[in-house]
> 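Mind having a look at this structure? Questions to follow.
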Amino acid sequence: MGLRFKYLALCYFLVACEVSERKTEMAAPYRGDFLLINGYLKADGQLTVYVQKTVPHGCSSCSDTINNAEVFLYENDTLKFKLIRKDAYRFEAPITFEPHPDNWYQIKVFAQGLDSAMSQKLHVVNNIIVDTVYISQINNKLILNYRLIDAYADNSYYVVKAFDNDTIKTKFYFNEIEYRTSHTSILKGSIYIDSMKKVLKVYKLSAEIYKYAKSIHEYDGSNSDPFEERPSLIYSNIIGGYGIFGSYAETTFYFSVIPELNDQKRGNQR
Amino acid sequence: MQLRYILLLILCFLDIHTHGQQYTINGIVVSKESGERIPFAYCVDSVNHKIYYTNEEGAFSIKASGKTYLKFGYLGCKPVNYDLNLQKDTFLRIELSVEMMEEVKIFNVQKLHMQTLLGKTQVSVSQIKNLPSFIGVPDVIKSLSTLPGIVNGKEGFSNLYVRGGTQGQNLILMDGTPFFSSNHAVGLISAINVDALQNIDLYKSGFPARYGNCSSSILDIQMKEGDFNRRKYKVEIGTLTSGFLAEGPIKSEKTSFLVAGRTSYFDIINIPKYIKYLDTIVYKEDLENGGINYLSMNAFDLNTKITHKFDDKNKIFINVFTSNDFFNSKNISTLSKNTNGYTLNNFLVAIGSRNFVKSNFILSTNLNFSYSNNKFFDINEEYGEVEEIDNFSKRSSISYYCIKSQADYFVSNSLFVKGGIESSLIETMPNTESVTRRYGLTVWEDTVWGQQSYTAHEHALFTELEFKPTSTLSVNLGFRSSIYLTDSYTNFSLEPRLSIRRMITEKSSVKFNYTSNSQNIHLILRNLAGQQDQYWLLSNKVLKPEKVHQVSLGYFGIYREFEYGLECFYKKMAHLIEYRNNHNIDNDAYKNIVSNGEGTAYGIETNIERNINRTNTKLSYTLSWSDRKFSDLNNGRPFPFTYSYRHVASFVTSFPLFENWFLTTSFIFMSGQPFTLTDGYFKGNESFGPYDLYSGINSYKLPPYHRMDVLFVKKWTSAKGYEKNFKISIYNVYNRRNAVFAYVQNGKVVLMSIFGIIPTISYGIAF
């Protein structure tokens, strides 16, 4: 009898263990509609701002467009102009706009029914010069070598890409960003290429864009594991909303390549 | 300005007192049964109306004159009286014999209001044994969560988060050897075998200067010595684990041994599958239809200690500890096999000597070695026309060598001096990855990255003065200075420590404490698919030593059968680190972290304990806040610490139920754990996105956590004189499904819980 009781008790304890995943679902929180701004100020004065609004998680039918948004650019805390709406999302500065490297720039966005949002202030990034480009070959691998001149090279971020033609829409990845703390204005570097190229594009990024790209890179790698204690948050410098306002410079350099390698070739900069 | 306040505070505590000519009584208090020294036994001087305690080595030193009446005792032991007429300095060996059953020894052995140090708790080993446990295995680390200011973090892990500090900021010592990975069996239990423990001291603040390289807490564990007089054996058989202990003399009264081991057999969960697949047809069908999954988990640990006493005043010991964990998840199908999991190994050695150079002068020397290694692996095998095997592994390890010499000098009743020197060598290999790929017989990739090891030396000098300027005032003043050296970085740190206790009445005291700590070994802990990836980094030019400054103030006392305490603390932390979210983990481990974080923690802790008629009841409550700030996280804004629970309360009661049966119940409540949850969505545009939006790190809270555990224990002695016990432990008795993780999926928050009710039974026999 005693043995039987002990056996039954053991079976009960083994069976009764509740060690298993159990999931409970509840509605995801939604903070409400907020402005979402992606603004890029180029060194040549081109200013493009995308204005959208947040939507609840998992709501594919929710619209992120804002019909009544107004975007303003401030220069040294003074209203410079109102941006022109180009489509549902995109706003642009008048073509006459030329940013001054010593001035601070800030955008403010207003939309009825939503909290206003404004960016932090920033300086426009300066243009850089592509001085020299040549291709060399080591161990059957093609290497494109370049020399850049940047008057403000300290603590700067660059992306260098080579293309067959300049019509390709550029999209860069965080891994391509090079960080420089050099005190010299002459920057040398090289990138591997898989075939002969004709166009070199060099981007100089403001710290805001660098942080934004970096956080997206980290986000992409961290949101798959629910056990992760802390997902990566996307960097934002928009007060009262989300998004980014940054500056970059784009330099396109055309060059021709003759069949013989290891020759230094000059091209035309645009 | 701050110095002025500290001086003012010291003056407030101070009053004037004088001493006369006296003789010194030195000695040790030992267990009559086993010959082991008893730390923190009390001694009452009835003539001078004073109470003294033995130190960690069971030694004491008292100044007295002429006729002296002393009463020695320890909880659970018969008191011994001494009537002395002092004519010269005297040495006494006090033997105490056990009086009561173990169940009643469930409260702190030294009353909190009498201790000079604030934030120190002496945890009774028998109290831990008599608490309900997670899978029926008594657990030091998990049991500490019943103390105020301490939480275990995620359910199912044996981690320790003390007053807003991180797991890596705790220093766990086993006979003076640092223990780097206390988790055992994927964290279900801790690797510390309670049966092999003698004494446990926990410090949440008021760190004595002899401890370094920690900034949140110290868990100083003294391992038990084997019985010097007779052989004893103990076997404990449980539902999921079993253990044994053997101890006894190698040479009677001179040399003893102790061996204790535990092993788990969680693999029994696969038994139904093994039975099912005895049928080969079913086996083949399942192989073809998605494959068969096996989960395997084994944990094993072994403690061995040999102690040799040359005489009452001199002894040496060697303690060796090893633990091994193996966990793997296997999926087998007709054409493939995937095995992933991890292994964890610890190996610790402590060699020490204790010498009474003079009757009031103890010299202790320790040689310590600690090694911890954990490895993740993932092996994919494809059985096509040609066999393909991909083998990936990731490993991190730490080795620690230390020599420490310490002198304890009892100058007088009112002055006790400790001083010493410590020298250590630390080596880490934080992130070694290897990949082997084989196609048929051709190995086309065999690469190892991150074999870089980092080495550092640390040398420290420390001194502690415990003195009693007046009959009511007691001060513990300590300084620890250390120099930390690597090939390219040198850091000197000076860590002052101060604890002051002022007796208000005979039964109550107020205490103040200031502690400064520096830590050069950093731990990165990251949850990955339910397992913990951890690696250790050493300070260098970029990664500065973690610094913590803590002040605390407390009031402690006894009222009738109640012992109570109230303590508030404020902690400032600097140079904290966190892991960086990045799927392309860099082989340079230092690039996978964000550093130079700051943190604060503050709160109020209170506890009340009642002991009457073999019934012990303990209630503790903590109200606290803790946050972090990193320039690279949360857009530089402060955010709540992941293990910052605003309210934590625990209630533990233990009492005899009926003949030979005891019941212990514990209830724990914690307000919601902070966690990060998306609260918006960006659909994306032509440049970036889409991505989830967060209003901040840890800006939401999980539902409150609470559970109740019970433990029934029956103890009896058989006709042959064997001591037997039968335990029924029920974890989470009302099957509360506490959420452990949460994430958002398809517009819904999914709260995931893992552990419900877990009843276990165990049967033990000691002879």
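Order of the sequence lines sets the chain letters (A, B, ...), proteins ahead of strands, with each chain counted from 1.
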> Please classify the contact of A/Y235 with chain B as side chain, backbone, both or neither, using a heavy-atom distance under 4.5 Å.
both
> Please look at A/F34 and chain B and tell me whether the side chain, the backbone, both or neither of the residue comes under 4.5 angstrom of a heavy atom of that chain.
neither
> Which bit of A/Y50 comes within less than 4.5 Å of chain B, counting heavy atoms only: side chain, backbone, both or neither?
side chain
> Under 4.5 Å from any heavy atom of chain B, what part of A/K211 do you find: side chain, backbone, both or neither?
neither
> Tell me, for A/S60 versus chain B, whether the close heavy atoms (under 4.5 Å) come from the side chain, the backbone, both or neither.
backbone
> Against chain A, label B/Y731 side chain, backbone, both or neither, depending on which of its atoms sit under 4.5 Å from a heavy atom there.
neither
> Applying salt bridge (charged side-chain N to carboxylate O under 4.0 Å, His left out) as the test, list every pair that has at least one member in residues 34-48 of chain A; sequence neighbours left out.
A/K42-A/E250
> Taking salt bridge (charged side-chain N to carboxylate O under 4.0 Å, His left out) as the cut-off, I'd like each qualifying pair that reaches into residues 700-714 of chain B, sequence neighbours left out, listed once.
B/R707-B/D709
> Do the side chain of A/Y40 and the main chain of A/I209 share a donor and acceptor less than 3.5 angstrom apart?
no
> Classify the angle between the aromatic ring planes of B/Y643 and B/F641 as parallel (below 30°), tilted (30 to 60°) or perpendicular (above 60°).
perpendicular
> Which atoms of A/I234 are under 4.5 Å from chain B, going by heavy atoms: the side chain, the backbone, both sets, or neither?
both
> Determine whether B/F376 and B/Y342 satisfy the following criterion, ring pair (Phe, Tyr, Trp, His ring centres under 6.0 Å), listing intermediate values before the conclusion.
CA-CA 4 Å; B/F376 284 83; B/Y342 88 96; 5.6 Å; yes
> Where does B/I697 contact chain A at under 4.5 Å (heavy atoms): side chain, backbone, both or neither?
both
> I'd like to know which of A/A28, A/G58, A/P56 tops the heavy-atom pair count under 4.5 Å against chain B.
A/A28
> For chain A, which candidate among B/N732, B/N746, B/N685 shows the most heavy-atom pairs at distances under 4.5 Å?
B/N685
> At a heavy-atom separation under 4.5 Å, does A/P29 approach chain B through its side chain, its backbone, both, or neither?
both
> So which of B/S695, B/G636, B/A739 has the largest heavy-atom pair count under 4.5 angstrom toward chain A?
B/S695
> Select one option (side chain, backbone, both, neither) describing which atoms of B/D632 are under 4.5 Å from chain A's heavy atoms.
side chain
> Using non-hydrogen atoms and a 4.5 Å limit, figure out which bit of A/Q52 sits close to chain B: side chain, backbone, both or neither.
side chain
> Between A/N38 and A/Y89, do the side chains contain an N or O donor and an N or O acceptor separated by less than 3.5 Å?
no
> Do B/D679 and B/Y700 have a side chain donor and acceptor closer than 3.5 Å?
yes
> Looking only at the side chains, is there a donor atom on one of B/S242 and B/Y265 sitting less than 3.5 Å from an acceptor on the other?
yes
> Checking ring-ring contact (aromatic ring centres under 6.0 Å, His included) between A/F72 and each of A/F110, A/Y105, A/F91, which is the one that passes?
A/F110
